[in-house]
Amino acid sequence: MRIVVLISGRGSNLQAILAAQLPAQIVAVISNKPDATGLQVAQAAGIATQALAHTTFASRAEFDKAMIQIIDGYQPDLVVLAGYMRILTDEFVNHYQGRLLNIHPSLLPSYAGLNTHQRALDDGVKVHGCTVHFVTPTLDHGPIIIQAAVPVLNNDNADSLSERVLCMEHQIYPTAIHWFIGGRIQLAADGKVNLLNNNGSEQTVFYTEP
Ligand code: GRF
């Protein structure tokens, strides 16, 4: 299985995916920001990298078209968004339907979008977390594959909470990708995700902070 990872920044999720030594080939890491430090993470691991600055394109549609061309050059079976901070066109999403994953730092459908940790603190929620989901045209609303819950502590600020959520991101993203590689995730006709265990029966998944 061939995987292309898209990033925009530091690449800690990329690093966790690499460290998991999954039975697949990460064939390229592509960034919309040429200075993303995650590109160095990929280079250090001997993975091909490319940067395509979205700022050099007149429209989102043109940028996504160019991205598709670059990505498809690597013939991926799976495209993994790992801190890829771009709103995607429907064309892009539909092109990779069923083989496009994202990680989001909240328990979706709560807190789609940005500043999730501060918003969770402002609302006083007691449980926060992260979600890996299939990507659909509605931002941060695709079918959920796996979630991890993190308790919100009395003395948490956005930084401390984000750090603890990130630890869980680094566990659930490699897990979800491993399931995808093993053919264990099925996108059902009703738009939900079935997770099959080795016997082919459905399995419930709920991770909490260790
Ligand atoms: C993560 O919190 C991810 O959930 C969000 O952006 C952040 C990326 O971090 N989409 P990194 O680049 O993987 O370190």
Side-chain angles (χ1 to χ4, degrees), residues 1-11 13-14 17 22 24-36 38-39 42 47-106 108-116 130-147 169 172-174 176-177 179-181 183-195:
M1 181 161 294
R2 298 169 64 82
I3 300 177
V4 167
V5 181
L6 303 190
I7 61 164
S8 300
R10 88 199 130 172
N13 276 290
L14 167 67
I17 293 163
L22 299 169
Q25 207 189 339
I26 312 254
V27 287
V29 173
I30 305 170
S31 174
N32 66 309
K33 294 203 171 166
D35 60 351
L39 290 173
I47 297 167
T49 58
Q50 248 178 285
L52 186 67
H54 62 273
T55 46
T56 61
F57 287 80
S59 70
R60 193 177 293 282
E62 280 174 48
F63 172 74
D64 271 8
K65 264 197 191 106
M67 242 332 181
I68 288 173
Q69 274 205 327
I70 293 178
I71 295 168
D72 285 356
Y74 293 98
Q75 299 182 298
D77 303 293
L78 173 66
V79 176
V80 168
L81 307 181
Y84 182 61
M85 304 302 283
R86 292 285 301 163
I87 291 175
L88 303 167
T89 56
D90 288 4
E91 188 191 348
F92 186 98
V93 171
N94 293 332
H95 186 79
Y96 296 108
Q97 195 197 8
R99 54 186 178 122
L100 183 60
L101 303 186
N102 183 44
I103 188 152
H104 183 75
S106 78
L108 291 174
S110 293
Y111 309 118
L114 297 173
N115 302 320
T116 56
C130 47
T131 303
V132 178
H133 63 96
F134 280 105
V135 177
T136 55
T138 310
L139 179 73
D140 296 332
H141 274 88
I144 292 170
I145 297 167
I146 185 170
Q147 294 185 307
E169 293 185 34
I172 64 169
Y173 216 0
I177 295 167
W179 287 342
F180 186 92
I181 295 166
R184 292 182 60 200
I185 301 171
Q186 281 182 349
L187 198 48
D190 63 1
K192 296 215 170 64
V193 177
N194 289 336
L195 173 65

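Computed from a prediction, not measured in an experiment: that's the story for all the values here.
Scanning all heavy atoms of the two residues, the minimum distance from K192 to D190 falls at N-OD1, 2.9 Å. Nearest heavy atoms, L52 versus A66: CD2-CB, 3.9 Å. When all heavy atoms are compared, the tightest approach of L100 to L78 is N-CD1, 4.5 Å. Across I7 and Y84, no two heavy atoms sit closer than the pair O-CD1, 3.5 Å. Taking each heavy atom of N194 and A188 in turn, the nearest pair found is ND2-CB, 3.9 Å. Across all non-hydrogen atoms, the minimal contact from G113 to H104 is O-CE1, 3.1 Å.
In this structure, T89 contributes its side chain and A61 its backbone to no donor-acceptor pair below 3.5 Å. S106 places no side-chain N or O within donor-acceptor distance of the main-chain N or O of T116, the cut-off being under 3.5 Å.
The only option from I181, V27, V79 that meets the side chain to side chain contact (heavy atoms under 4.5 Å, CB included) definition with I3 turns out to be I181. The only option from R2, Q50, Q25 that meets the side-chain hydrogen bond (donor to acceptor under 3.5 Å, both in side chains) definition with Y74 turns out to be Q50.
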Test side chain to side chain contact (heavy atoms under 4.5 Å, CB included) on I172 and I103; report intermediate values, then the result. CA-CA 9 Å; I172 64 169; I103 188 152; 4.2 Å; yes
Go through the steps for V80 and F180 under the test side chain to side chain contact (heavy atoms under 4.5 Å, CB included), then give the verdict. CA-CA 11 Å; V80 168; F180 186 92; over 6 Å; no
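If you take CG on D140 and CG on N102, they are separated by 6.0 Å, rounding to the nearest 0.5 Å. In this structure, the separation between CE on M67 and OH on Y96 is 9.0 Å, given to the nearest 0.5 Å. Distance check, rounded to the nearest 0.5 Å: CZ of F92 to CZ of R86 gives 10.5 Å. A distance of 12.0 Å separates CD1 in I30 from CD1 in I47, rounded to the nearest 0.5 Å. Atom CG of L81 is separated from atom NE2 of H133 by 8.0 Å, given to the nearest 0.5 angstrom. For the atom pair CH2 (W179) and CG (L22), the distance works out to 12.5 Å, reported to the nearest 0.5 Å.
For the residue pair D72/H95, the side-chain donor-acceptor check at 3.5 Å is satisfied.
Residues T136 and P143 form a side-chain contact, since some pair of their non-hydrogen atoms from C-beta on lies under 4.5 Å apart. Proximity of L101 to F134: side-chain heavy atoms (C-beta onward) are separated by under 4.5 Å at one or more points.
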